[in-house]
Asker: 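Sharing a structure below in structure tokens format, with a few things to ask.
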Amino acid sequence: MEGVKATTKDVSLQPRNVPNRYTFPCPYCPEKNFDQEGLVEHCKLSHSTDTKSVVCPICASMPWGDPNYRSANFIEHIQRRHQFSYDTFVDYDVDEEDMMNQVLQRSIIDQ
């Protein structure tokens, strides 16, 4: 067995079972791979008159999202709820209580 090395798998390099929160499909048509801003623009321009209730792909990818909830007015929802990227403000690896503590700590420091 000369020349054969024993290797171990580096767990950090293994794919994690994490939802894709960076690109989204259009819930109305077959187009996909929109970033959040692109999906908002696409839906405003191409589907503003569509009244079909659909699941918001952005919300469905979030830890608190319900992948079965259908928005009665998706265009209004996406324009109101998705004006900014959650990645800027949310650490998905921290639980809610820890996040609240971090916010409170920062608010004390910022005074």
Side-chain angles (χ1 to χ4, degrees):
M1 302 290 299
E2 193 174 314
V4 176
K5 289 184 180 179
T7 61
T8 59
K9 291 185 178 181
D10 185 353
V11 177
S12 65
L13 297 177
Q14 298 299 314
R16 297 183 338 181
N17 190 13
V18 176
N20 177 1
R21 295 186 181 112
Y22 304 103
T23 59
F24 308 97
C26 175
Y28 292 112
C29 70
E31 298 229 17
K32 51 186 156 186
N33 296 325
F34 291 104
D35 63 8
Q36 184 171 309
E37 185 179 302
L39 180 62
V40 172
E41 283 303 309
H42 167 76
C43 289
K44 282 186 343 188
L45 294 172
S46 302
H47 304 292
S48 63
T49 59
D50 199 325
T51 58
K52 180 174 76 172
S53 65
V54 295
V55 174
C56 176
I58 299 168
C59 289
S61 73
M62 299 298 154
W64 56 84
D66 180 354
N68 299 309
Y69 178 77
R70 294 182 172 276
S71 180
N73 186 339
F74 178 71
I75 300 301
E76 184 175 327
H77 162 83
I78 200 167
Q79 288 178 319
R80 288 179 185 252
R81 298 287 181 181
H82 301 298
Q83 294 181 10
F84 66 91
S85 175
Y86 286 111
D87 292 338
T88 306
F89 301 98
V90 176
D91 182 350
Y92 300 110
D93 295 326
V94 177
D95 70 13
E96 188 175 5
E97 188 174 333
D98 287 342
M99 257 201 299
M100 185 58 78
N101 287 332
Q102 288 177 19
V103 168
L104 292 172
Q105 291 289 335
R106 286 186 199 143
S107 71
I108 292 168
I109 292 169
D110 291 343
Q111 290 184 353

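On a predicted model such as this, the values are computed, not experimentally measured, just so you know. Positions are given from 1, in the same order as the sequence printed here.
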Asker: Please determine which of E31, K32, Q36 meets the side-chain contact (heavy atoms from CB on, under 4.5 Å) test together with F34.
Answerer: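 Looking at E31, K32, Q36, the match for F34 under the side-chain contact (heavy atoms from CB on, under 4.5 Å) is E31.
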
Asker: For the residue pair P57 and F24, what are the closest heavy atoms and their distance?
Answerer: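 Shortest heavy-atom contact: O-CD2, 3.7 Å.
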
Asker: Does the pair H82 and C59 meet the rule for a side chain to side chain contact (heavy atoms under 4.5 Å, CB included), with working shown?
Answerer: CA-CA 9 Å; H82 301 298; C59 289; 3.4 Å; yes

Asker: Is the number of heavy atoms from other residues, nucleotides or ligands within 6.0 Å of CD (E37) greater than 12?
Answerer: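 Atom CD in E37 is not packed in, count stays at 12 or less.
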
Asker: Compile the donor-acceptor pairs under 3.5 Å between side chains in residues 45-56 and protein atoms, sequence neighbours left out, one pair per line.
Answerer:
| residue | atom | partner | partner atom | Å |
| --- | --- | --- | --- | --- |
| S46 | OG | H42 | O | 3.4 |
| H47 | NE2 | H42 | NE2 | 3.1 |
| D50 | OD1 | K52 | N | 3.0 |

Asker: Working to the nearest 0.5 Å, report the span between CD of Q102 and CD of E97.
Answerer: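 Between atom CD of Q102 and atom CD of E97 there are 11.5 Å.
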
Asker: If you look at every heavy atom in C43 and I75, which pair is closest and at what distance?
Answerer: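 Smallest heavy-atom distance, with atoms named: O-CD1, 3.6 Å.
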
Asker: What's the shortest heavy-atom distance between G38 and D35, and which atoms?
Answerer: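 So the minimum-distance heavy-atom pair works out to N-OD1, 2.6 Å.
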
Asker: Could you grab the distance from atom CG of N73 to atom CZ of R80, nearest 0.5 Å is fine?
Answerer: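 The CZ atom of R80 is 9.0 Å from CG of N73, to the nearest 0.5 Å.
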
Asker: Under the rule for side-chain contact (heavy atoms from CB on, under 4.5 Å), what residues qualify as partners of N33, not counting sequence neighbours?
Answerer: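 N33: side-chain contact (heavy atoms from CB on, under 4.5 Å) contacts with T23.
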
